[in-house]
Number of protein chains: 2
Amino acid sequence: MTIAHHSPMQAVESVDEAEAVLRERGLRASAARRLVLETLFAAGGPVSAERVAEGVIGSVPRSDLASVYRNLERLQEVGLVRHMHLGHGPGLYVLAGAAQEYLVCESCNAMRVVDPAQLDGVRAMIHDTFGYEAGFGHFPIVGLCPACSDHGGAE
Amino acid sequence: MTIAHHSPMQAVESVDEAEAVLRERGLRASAARRLVLETLFAAGGPVSAERVAEGVIGSVPRSDLASVYRNLERLQEVGLVRHMHLGHGPGLYVLAGAAQEYLVCESCNAMRVVDPAQLDGVRAMIHDTFGYEAGFGHFPIVGLCPACSDHGGAE
DNA sequence: CTGGTTGCAAAACCTTTGCAAAGTC
DNA sequence: GACTTTGCAAAGGTTTTGCAACCAG
């Protein structure tokens, strides 16, 4: 699992659409795979592999954790899924369609979801200064949230 | 090991200075501790615990990995050291004095060191937009470096 | 039928913890 | 001497891998 994904992102709206993408690539639409997709759709935000293995409702259908990891990896290769690290602890996976970036407070751990467009100015500034095309999809922006910087919440 | 450090950063210039800080806090200046500090000074940049355990010259003096982790943790509590995650793989530790932030290319993994001042504009923009005091010391800014974005290095 | 996919078991990797012996002040 | 710190061993949490059975196309 590297930082970079392997294909252009494929935003899809449903499990069926996702499975169509899989078939196009010669991959199969298995039950375990559907479980992963359904859970990611149901979650609507970043979730751990462990959480995915528990299925949509929570520990009901279950699929093997190893298979979940293998499936998440393949779904990333195809561009349907991406993963990120919001702090310590397990990696978190989301559907590629959920175009979201995150601000995490290092003091209270509050996580703020932001629309990528809101960071375009920041990206532009970074590009002007360093020539880098920055993305904040893999690691969040870490800092002190307004509340914590107010009451001297510095680490 | 949480994201946040535990004390204000203590930038020191030498192992002796660092040990003085330790003693002030009632901590002891042991050989294993000195090894950690010397290795961090010698490295001059982020290194893994494993690398620290190998000592200054490389696998010569050695200290137990568990002790290295414990010492890195204590040095962080005191504010002499901080750690970061530049990608997957083990966490990396640096002296608090090495005020540096990083830009990592998600395609070629190139790591660019930047002076925190160069990111002040970016921090200001984030603060204006979200009210967050952003820091890029724990997670780097990930993106495509100029070379990779040129030749279509997008993942 | 063919080859991708699964579950299970085991291992790999990074980090933490328990504990008695040793070291520091 | 009191209390911190060490080394070793073992465990913990996350992710990967080997392999035979299984299933989708």
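Predicted, not measured: the structure shown is a model, and the values here were computed from it. Every chain is numbered from 1, with letters handed out A, B, ... down the list of sequences.
- Within the 4.0 angstrom heavy-atom criterion, only backbone atoms of the sugar-phosphate kind lie near Arg74(A); the bases stay farther away.
- With respect to Glu19(A) and Arg34(A), a salt bridge is recorded, a charged nitrogen being found less than 4.0 Å from a carboxylate O.
- The CZ-C1' distance, from Arg34(A) to dA24(D), rounds to 11 Å in whole Å.
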Would you tabulate the nitrogen or oxygen pairs shorter than 3.5 Å linking the protein to nucleotides 18-20 of chain D?
residue, atom, partner, partner atom, Å
dG18(D), O6, Arg70(A), NH1, 3.1

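- No side-chain donor-acceptor contact under 3.5 Å links Arg51(A) to the backbone of Thr39(A).
- Taken from CG in Asp120(A) to CE in Met125(A), the straight-line distance is 13.0 Å, to the nearest 0.5 Å.
- Separating the OH atom of Tyr69(B) from the P atom of dA9(D) is a distance of 18 Å, rounded to the nearest angstrom.
- Rounded to an integer number of Å, the gap from Asp64(A) CG to dA10(C) P is 13 Å.
- No close placement of the His85(A) and His85(B) rings is indicated, their centers lying 6.0 Å or farther apart.
- In terms of position along DNA chain C, the nucleotide closest to Glu50(B) lies nearer the 5' end than the nucleotide closest to the other residue of the pair Glu50(B) and Leu27(B).
- Under 4.0 angstrom from either OP1 or OP2 of dC23(D) there lies no side-chain N or O belonging to Ser30(A).
- Closest contact between the side chain of Ser67(A) and the listed nucleotides dT6(D), dT6(C), dT16(D) involves dT6(C).
- Under 4.0 Å is where a charged nitrogen must lie from a carboxylate oxygen, and between Glu101(B) and Arg112(B) no such pair does.
- Interface remark: the Arg23(B) side chain does not form any donor-acceptor pair with the dC25(C) base, using a distance-only criterion of under 3.5 Å.
- Note on Leu65(A): a base of the nucleic acid sits closer than 4.0 angstrom, heavy atoms only.
- As judged by a 4.0 angstrom heavy-atom cut-off over every strand, Gly26(B) is placed among residues making no nucleic acid contact.
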